[in-house]
Amino acid sequence: NAGVMQNPRHLVRRRGQEARLRCSPMKGHSHVYWYRQLPEEGLKFMVYLQKENIIDESGMPKERFSAEFPKEGPSILRIQQVVRGDSAAYFCASSPDRSSGYTFGSGTRLTVV
Amino acid sequence: SQQGEEDPQALSIQEGENATMNCSYKTSINNLQWYRQNSGRGLVHLILIRSNEREKHSGRLRVTLDTSKKSSSLLITASRAADTASYFCATDKNQAGTALIFGKGTTLSVSS
């Protein structure tokens with residue numbers, strides 16, 4: 001069991017480009033969560049998904065950010081027209097149900113230049 | 001919004017000493033969890049304590065929960081240099097369809 005797989009590990013984008021971050025949850029986990037972390041800070045919740053459904057997107061900026069978790073394939077966090085303020089580490093986690101502990105991926109470090 | 005707040009922000013101790021970190025939260029919870037993050041890595045789940053539990057142990061870790069005070073503590077006994085990391089508490093609000101909310105963490109440094 002490979003755990004939660006995130007790719008890429010590092011992503012550099014120029015301002016105005018699109019960033020696509022991928023997350024494959026642990027086998028058997030149907031709940032996926034995305035968090036953002038700035039240096040020296042805690043994790044800020046972004047979005048909670050189950051297969052094909054967005055359960056809670058209250059932490060997602062209203063514009064430029066979107067997330068999906070299709071029936072087949074990984075969950076995708078998409079950031080359109082990136083700005084310097086989007087530079088951060090983005091972590092994905094999964095769980096078998098919402099009351100269990102989460103398993104985190106190693107994160108994607110996005111740098112916008 | 002930030003649900004949990006850890007205290008202290010930073011803690012430096014010597015190997016062999018005990019480390020205690022505290023977490024306070026605001027709303028009623030279903031459970032409270034503690035995670036560890038080594039620099040530049042993802043978070044690792046340490047322990048989960050449910051709202052009807054008062055204390056839980058796992059190896060050198062001891063977690064307490066006081067729902068009347070809305071607080072929890074994480075005790076690491078006989079600390080090692082390898083325990084150097086950031087420690088976060090996370091709360092699961094007693095509300096369907098919500099995800100864990102994390103505090104800002106306590107940075108623990110254990111020197112040998």
Can you tell me how far the CZ atom of Phe91(A) sits from the CZ atom of Phe102(B), to the nearest 0.5 Å? 10.5 Å
Over 12 foreign heavy atoms within 6.0 Å of CD, Gln50(A): yes
Side chain from CB out, backbone as N, CA, C, O: work out which of these in Ile47(B) comes under 4.5 Å of a heavy atom of chain A, or both, or neither. neither
Taking atom OG of Ser86(B) and atom CD of Glu41(A), what is their separation to the nearest 0.5 Å? 12.0 Å
Please state whether the side chain, the backbone, both or neither of Tyr102(A) comes within less than 4.5 Å of a heavy atom of chain B. both
Is Leu11(B) reachable from Val110(B) through a run of I, L, V, M, F, W or Y residues, each pair having side-chain heavy atoms under 4.5 Å apart? yes
Kindly work out whether a path of hydrophobic side-chain contacts (I/L/V/M/F/W/Y, heavy atoms less than 4.5 Å apart) joins Ile79(A) to Leu49(A). yes
So if I apply the side-chain contact (heavy atoms from CB on, under 4.5 Å) rule between Leu100(B) and each of Tyr35(A), Tyr48(A), Tyr33(A), which one comes out positive? Tyr35(A)
If you count heavy atoms of other groups shown closer than 6.0 angstrom to CD of Glu17(B), is the number above 12? yes
Mind checking whether Val32(A) and Met60(A) sit in one hydrophobic cluster, side chains of I, L, V, M, F, W, Y counted as touching below 4.5 Å? yes
Are Trp34(A) and Ile55(A) co-members of a hydrophobic cluster defined by side-chain heavy atoms under 4.5 Å apart? no
I need the contact set between residues 30-46 of chain B and chain A: heavy-atom distance under 4.5 Å, sorted by residue number. Asn30(B), Asn31(B), Gln33(B), Tyr35(B), Gln37(B), Gly40(B), Arg41(B), Gly42(B), Leu43(B), His45(B)
Nearest 0.5 Å please: distance from the CD atom of Gln37(A) over to the NZ atom of Lys104(B). 12.5 Å
Flag if over 12 foreign heavy atoms under 6.0 Å of CD, Gln14(B): yes
Cluster question for you: counting only ILVMFWY and a side-chain heavy-atom cut-off of under 4.5 Å, with indirect links fine, are Tyr87(B) and Leu75(B) together? no
Residues in residues 54-63 of chain B near chain A [non-hydrogen atoms, under 4.5 Å]: none
Quick one: OG on Ser100(A) to CG on Leu48(B), what's the gap to the nearest 0.5 Å? 7.5 Å
